[in-house]
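Here is how names work: the chains are called A, B, and so on, in the same order as the sequence lines, proteins then strands, and each is numbered from 1.
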Amino acid sequence: MKKLKERWREIVYRAVTAIAEKSGFETGELAPEKIITEVPPDMRMGEIAFPMFQFSRLLKSAPNVIAEECLSEIEKLSSKGELDLNELGLPTVKGPYLNIKLNRESVTAKTIDAVSSEGSEYGKSDILSGKRIMIEFSCPNTNKPLHLGHLRNDAIGFSVANLLVASGATVKRVNLINDRGIHICKSMAAYERFGKGSTPESEGIKGDHFVGKYYVMFNEWVSKDPEAEAIAREMLKKWENGDEKTIALWKKMNRWAIEGISRTYEKTGIGFDKIYYESETYKLGKDEVLKGLEGGIFYKEEDGSVWVDLTEEGLDRKVLLRSDGTSLYLTQDIGTAVQRYRDWPFDRLIYVVASEQNYHFKVLFLVLKKLGHQWAENLFHLSYGMVNLPEGKMKSREGKVVDADDLFEELKLLAREEIGSKEREGEIEDAEKTAEKIALGALNYYLLQVSPQKDMVFSPEESISFTGNTGPYLQYTGARISSMITKYRERESRYRGGQFKAELLGEEAEWEIIRRIASYPEIVEQAAENYNPSILAVYLYELCKAYSRYYHDFPVLHNDDINLVASRIKLASVLLIVLRNGMGILGIPFLEKM
RNA sequence: GGGCAAUUAGCUCAGCUGGAUAGAGCGUUGGCCUCCGGAGCCAGAGGUCGGGGGUUCGAAUCCCCCAUUGCCCA
């Protein structure tokens, strides 16, 4: 379909050029790829539309006149045998638009053939082939469990990584564990005081929640006794000086936290190719800053703190090292970036981080550029909006946070109930696992249907809804079709000899599905280019919607014509491939039964 | 004080590089299971695309001003 569109652009270009020559106008910078195409509002008008307004200035003529002229030029080319309109489709004029009606039968045959032969490869492109792209996402702290914000981050990171892979890039998924700093010491201090040697095992609590409990405890403690703050700070100093006991405690608690967080990752199905730890890169960051200081890129204040002046770049001055020589987030990020480029020279590094850090990344990228790293130009902050609750912002200090594990459990429970209410339970092999997959599908779809850049409201009731525009709707469509195909195979003898014939798929509803299937590769490209999984989410929903409508109106198996059955089954199985591929990219588990 | 972003139906969101009548879901009103999975399908009501200017043959989309909200920097 993309190829056809490009061919038509060239044809229209030729036609317009011919008209221009006749009237003695220059075509100037006109080029086939610059010609604007659209999709007509009504399927009956065709599949590709060329608005002629774009040429009216060039040809000094009214768009509807140009449309007619264009058409006759194309017909001329066709009668000369230079164009095969039977293969390319039929141009028609509607007011100021030149619309192309594709040859349905030929597009149907080609599309179905392409999808069935490419299978799980269908939709992949090479627009990023040869590119090495590193993508950082998730980035948890080791003092508390993952929350809703991380889930959005993970969903975006995971799916964007998949989109890049589908576009031919070599992708390295990396995580950065924020495992050092005053906040980490807070939970350590609280544990040392209140923990009494308990462990996640002894308490029967997941490690990250266990550690998080002490972080909360610290905040309670410090509200009663301001001394706590000093104790934590003392601990940080000890940590930086390599005090053995402190390091041992730090290691122990980090292990608990990371172990717990990893279990959450297992549930949500995400993984990384490499994990970075701030505790291992912050020193490199310091070195870089000191190098910059020597090189005169940065400067020192009287109190000994190191600064960078970005006023020329339209930003502010910014601290890089505190007066006591300790590092900041920015310092650590400098070190991490440098380390990454050493480890794996990339063509692009994408940071999936919330929009509240927009300024931070602007500064980071500028500082790295100032330090002379040419690759700094290839850094990109994929900024996503905050996740708010209907009653307002999430506030971790006030306990107004949606915990990732809790949310997941809740979703799973509801999915389990839903399964139980369907009287289909007996057919499902593992109801527990299925419930988990439905929960994950609901969650990922909910988080990904919104454009990343926008803030979103997370309504618990809506996210657990399994009807309407949701992940489970996609899964449900997939399950129904799977079940139908199974039936088809079971009754194979009845349909034996049935042949797929493109011309039998002549219903409008079928054509709508086919043109959507044909445009899937373009959708994946678009989503990848914009780092925007929501484009794909919307597409999949519309695809399923179109099929559900069709499926409701037209029998697939219940037909006397076995060729018609075979053809409609073919359509269903091709759609299933697209659905599977697309859902895979978004992290929505595909289910044969649910 | 400065910067960035957002504002589309009661609620949550789509609307791609400006194009033909602004779309979904939830909710609401009303239909559809002797038939391949009703987690479904269909229809109705619901809009001054925050406000005002501008560019353009054409603006929800681009530009400017204002308002509101969120985030960040100091």
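Across all strands, A:R317 comes closer than 4.0 Å to no nucleic acid atom at all (heavy-atom distances). If you check every strand for non-hydrogen atoms under 4.0 Å, A:S451 touches sugar and phosphate atoms only. Among the protein residues, A:L315 comes within range of no part of the nucleic acid, since none of its heavy atoms lies under 4.0 Å from any strand. Here A:P96 lies out of heavy-atom contact (under 4.0 Å) with every strand. Here A:E490 lies out of heavy-atom contact (under 4.0 Å) with every strand. If you check every strand for non-hydrogen atoms under 4.0 Å, A:Y473 touches sugar and phosphate atoms only. Residue-level contact check: A:K593 touches the bases, meaning some heavy atom is under 4.0 Å from a base atom. In this structure, A:M594 reaches the bases: a heavy-atom distance under 4.0 Å links it to at least one base atom across the strands shown. Contacts of A:A49 with the nucleic acid, taken as non-hydrogen atoms under 4.0 Å apart, include base atoms. When heavy atoms are screened at a 4.0 angstrom cut-off, A:T467 is found touching the sugar-phosphate backbone but no base atom.
Taking a pair to require two hydrogen-bonding distances under 3.5 Å in either a Watson-Crick or a G-U wobble arrangement, B:A39 remains unpaired. Pairing partner, B:A5: B:U69, with both Watson-Crick or wobble hydrogen-bond distances short of 3.5 Å. B:C26 is paired with B:G10 under the criterion used here, namely a Watson-Crick or G-U wobble arrangement in which both key atom distances are under 3.5 Å. Base pairing analysis places B:U17 opposite nothing; no Watson-Crick or G-U wobble pair with both distances below 3.5 Å involves it. Nucleotide B:G58: unpaired (no Watson-Crick or G-U wobble partner with both distances less than 3.5 Å).
Nearest to the side chain of A:V457, among B:G37, B:U12, B:C57, sits B:U12. Here the side chain of A:K362 is nearest to one of B:G70, B:G3, B:A39, namely B:G3. The A:E356 side chain lies nearest to B:C71 when the options are B:C71, B:A39, B:A5. Residue A:R57 places its side chain closer to B:C57 than to any other of B:C57, B:A20, B:G37. Closest approach to the A:F53 side chain among B:C57, B:C42, B:G70 is made by B:C57 (side chain taken as heavy atoms from C-beta onward). Closest to the A:M484 side chain, of the nucleotides B:C36, B:A5, B:A20, is B:C36. Distance from the side chain of A:Y359 is smallest for B:C72 among the nucleotides B:C72, B:A20, B:C4. Here the nucleotide nearest the side chain of A:N469, chosen from B:C73, B:U56, B:A24, is B:A24. Checking B:C73, B:A39, B:G40 against the side-chain heavy atoms of A:K318 singles out B:C73 as nearest. Here the side chain of A:V450 is nearest to one of B:G19, B:A14, B:G37, namely B:A14.
Listed for the A:Y476 side chain is no donor-acceptor partner under 3.5 Å among the backbone atoms of A:M594. Without hydrogens or angle criteria, A:S465 side chain to A:T467 main chain gives a donor-acceptor distance under 3.5 Å. Using a distance-only test at 3.5 Å, with no hydrogens or angles considered, a donor-acceptor pair links the side chain of A:N162 to the main chain of A:I585.
Of the residues in residues 553-564 of chain A, those lying under 4.0 Å from RNA chain B by heavy-atom distance are A:F554, A:P555, A:V556, A:L557, A:H558.
Comparing the C1' positions of B:A6 and B:G50 gives an interatomic distance of 11 Å, to the nearest angstrom. Atom name C1', nucleotides B:C16 and B:C62: the rounded distance is 15 Å, in whole Å. Between the C1' atoms of B:C13 and B:C57, the separation comes to 33 Å (whole Å). Across B:U55 and B:C64, the matching P atoms stand 15 Å from one another, rounded to whole Å. Rounded to whole Å, the separation between the C1' atoms of B:U68 and B:U8 comes to 16 Å. For B:A59 and B:C63, the P atoms lie 16 Å apart once the distance is rounded to whole Å.
Side-chain contact check for A:T92 and A:N99: no donor-acceptor pair (N or O, by modelled atom type) lies under 3.5 Å. In this structure, a donor-acceptor pair under 3.5 Å is absent between the side chains of A:W8 and A:E47. A side-chain donor from one of A:D154 and A:S138 sits under 3.5 Å from a side-chain acceptor of the other. With no hydrogens or angles considered, no side-chain donor-acceptor pair links A:Y551 and A:R568 at under 3.5 Å. At a cut-off of 3.5 Å, with distance as the only test, a side-chain donor of A:N153 or A:Y384 sits close to an acceptor on the other residue. A side-chain donor from one of A:Y445 and A:N469 sits under 3.5 Å from a side-chain acceptor of the other.
With hydrogens and angles ignored, no donor-acceptor pair under 3.5 angstrom links the side chain of A:S548 to the base of B:G40. The base of B:A20 sits within donor-acceptor range of the side chain of A:N99, with an N or O pair under 3.5 Å.
In B:C57 the base sits anti relative to the sugar, since the glycosidic angle is further than 90° from 0.
Aromatic stacking is marked for A:Y97 over B:A20, as both cut-offs hold: 5.5 Å for the centres and 30° for the planes. Between the side-chain ring of A:Y551 and the base of B:C36, a stacking contact exists by the 5.5 Å and 30° definition.
Going from atom CD of A:Q449 over to atom P of B:C13 covers 9 Å, rounded to whole Å. One can place CD1 of A:I36 at 12 Å from C1' of B:G58, the figure rounded to the nearest angstrom.
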